[in-house]
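To start, the structure itself, in structure tokens.
Note that the structure is a prediction, hence the values are computed from the model and not measured. Counting starts at 1 for both ligands and their atoms, following the listed order.
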Amino acid sequence: MERMYKNHAVRESVTLDGLWDFALANDRTTTTDTLTFDYRLMVPGCWETHPSLRTYRGMGVYRRQVRMERSGPIRLEFKGVSHTASVIWDGVEVASHYNAYTAFQVIVPFAEAGEHELVVWVDNSFGEHSSLHVPNDYYTYGGLIRPVVMESLNGPFVERIAFSPSGKIGAWRGMLEAEIINPDGEAREIRAEAELAGKKIAWGPIRMEPGQSLKLDWDGDVPGVREWSPKSPQLYDLNVLVYVDGDERASDDLIERVGFRTISTDDGRIQFNGEDIVLKGFNRHEDHPMAGASLTPSLMIQDIDLMLDMGANMVRTSHYPNDERFLDLCDERGLLVWEENHARGLSIEQMRNPNFIGQCEEVNREMVNQHYNHPCIVLWAILNECASDCEEGRVHYKRQLEQIRSLDSTRPLTFASHHRANEICFDLADIVSFNLYPGWYSDEDPGQLCDLARGWADAKGGAGKPMIMSEFGADGYYGMRDPSRVRGTEERQADIIEANLAAYTARPYLSGMLIWQFCDCRVTEGTGWLITRAGTQNSKGIVDRYRRPKLAYAVAKKYYSLIK
Ligand code: ADA
């Protein structure tokens with residue numbers, strides 16, 4: 001299932017879900033003739049879910065036949081390939097892409113009706129070619145981990161819609177931008193229409209040259225609509241239709257689901273629909289013991305419902321953009337999202353990887369452009385715990401925050417820092433966010449540390465900016481209970497969470513708190529500090545990998561329910 005709602009009523013779209021042939025490969029060759037396709041693996045899925053491939057890291061090749069009912073241009077969309085993909089259509093490479101957590105598309109300008117071969121080379125190895133997927137405190141799985149979609153195009157098509165709500169409750173406005181592409185080898189005359197909450201907008205006729213991309217825009221009042229909010233997540237379909245060469249029937253469409261809400265920062269606070277809000281919730285990795293990073297929609301909604309049950313209003317997509325079906329479900333349930341680009345704990349040496357700048361730029365652009373319309377997303381963030389404590393690192397933070405701001409001026413920006421008084425980038429963000437682990441990595445008092453952190457922010461460029469405790473937590477091994485309450489027991493974890501939440505809920509200057517983490521997650525098997533992860537997992541989940549609640553569950557619920 002591609003999305004959680006129907007996003008085309010006109011364009012023919014099929015998912016290429018199901019079993020694909022799969023072969024292990026040692027290196028990248030241009031032919032599959034020398035490979036043996038010993039496996040049939042599920043797409044979407046992670047190859048680690050196959051009994052022989054539980055820890056396989058390297059290259060693999062997926063292959064299947066696809067049938068075209070009629071000749072014409074097609075669009076393939078890969079929602080997530082982990083982590084590097086090369087796509088071969090009938091023996092010819094048509095696309096390559098780096099990064100597991102954002103989508104990419106391939107336009108094949110013309111394909112004959114009948115059978116075609118689709119091959120995808122996938123690589124999840126670590127090395128200089130991959131600056132963001134590195135051995136880390138989460139797992140880089142392998143495979144076609146998110147859905148693959150094939151669409152038949154009828155000439156000019158809607159590439160993207162960007163909708164920005166503004167105004168206030170009772171007086172909503174919207175700004176709309178639609179991008180149309182003419183993939184044909186000849187000029188076309190198009191007109192376009194948009195429909196939103198009973199309102200119709202029309203453009204054209206406009207002549208489109210071969211290969212041209214065209215931007216249509218509109219700005220105006222949208223009367224009679226209700227706001228989107230956590231309590232009442234009202235969604236509206238926004239449908240853009242394209243008509244070609246005077247035809248009365250639409251030849252293409254794209255439906256996005258949008259909501260009317262605003263998010264802003266003022267006077268040291270965060271405002272949602274004009275009112276101060278305290279964000280409370282969890283950091284979450286897309287990870288499940290039976291599914292790897294390929295959670296099914298029913299597993300996704302379970303996670304959301306567990307977080308809501310604990311009284312959360314926010315999830316942070318630590319540390320990469322999430323599956324858009326998860327975002328669709330957050331839109332539906334009214335769970336606010338802090339979405340961030342892909343990076344965790346990169347040192348300045350790692351940031352010097354020659355691929356770092358380009359790979360970050362691409363993931364930033366894809367994340368914002370692909371997820372722009374989700375009303376649930378209220379913050380963008382970058383570079384979790386990277387080198388924001390030195391001038392060389394600051395150049396990257398500045399460049400990336402400016403890039404995201406140029407793509408979206410409607411959402412505040414932040415980054416989660418662990419540099420304490422040595423942080424030098426607070427001035428670049430709209431919100432200051434701290435990852436601190438009082439009670440776990442140190443014996444500091446959470447309340448005192450929080451006050452100190454406010455002081456560091458004020459002294460280092462963050463004065464007057466809202467503040468979030470973006471990570472705090474403690475390991476607790478599921479089922480390990482002991483009256484001694486020693487480190488690692490569920491009791492001790494619950495104590496530490498309680499001390500943190502008691503301190504943060506009592507500090508009116510805080511605009512948010514996010515527990516590290518929602519569920520335990522698999523981490524890279526490693527040496528160095530990764531060896532400290534018993535069982536090759538990060539065990540700071542409030543639920544374990546199978547989502548069984550630990551003692552801290554009731555603690556989180558108690559404190560989050562107190563915040564209205
Ligand atoms: C960091 C990091 C997380 C996780 C956590 C921990 O703050 O951002 O990804 O590694 O610490 O468990 O130590």
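Of all protein heavy atoms, the one closest to atom 2 (C) of ligand 1 is Glu471 OE1, 3.3 Å. For atom 5 (C) of ligand 1, the nearest non-hydrogen atom of the protein is Tyr437 OH, 3.3 Å.
Using a 4.0 Å cut-off between heavy atoms, His418 makes no contact with ligand 1 at all. If you look at His319 next to ligand 1, the close heavy atoms, those under 4.0 Å, all belong to the side chain. Using a 4.0 Å cut-off between heavy atoms, Asn283 makes no contact with ligand 1 at all. Only the side chain of Arg533 comes within 4.0 Å of ligand 1, judged by heavy-atom distances.
Less than 4.0 angstrom separates some heavy atom of Asp137 from each of these atoms of ligand 1: 4 (C), 6 (C), 10 (O), 12 (O). Counting atoms of ligand 1 from 1 in the listed order, those under 4.0 Å from a heavy atom of Asn435 are 7 (O), 8 (O).
In terms of the side chain to side chain contact (heavy atoms under 4.5 Å, CB included) criterion, residue partners of Gln105 (sequence neighbours excluded) are, by chain and number, Arg75, Ile107, Glu159.
Trp440 does not count as a contact of ligand 1, since none of its heavy atoms falls under 4.0 Å from the ligand.
Aromatic ring centres of Tyr504 and Tyr559: separated by at least 6.0 Å. Trp516 and Phe472 have their aromatic ring centers separated by at least 6.0 angstrom. When ring centroids are compared, Tyr101 and His133 come within the 6.0 Å threshold. Between Phe518 and Tyr553, a ring centre-to-centre spacing not shorter than 6.0 Å is recorded. Taking the six-membered ring for Trp and the full ring otherwise, the centers of Tyr141 and His83 sit at least 6.0 Å from each other.
Considering each of Tyr138, Phe472, Tyr441, Trp529, the one bringing a non-hydrogen atom nearest atom 13 (O) of ligand 1 is Tyr441.
By the 6.0 Å contact criterion, CD on Glu361 is enclosed, its count of non-hydrogen atoms from other residues, nucleotides or ligands being greater than 12.
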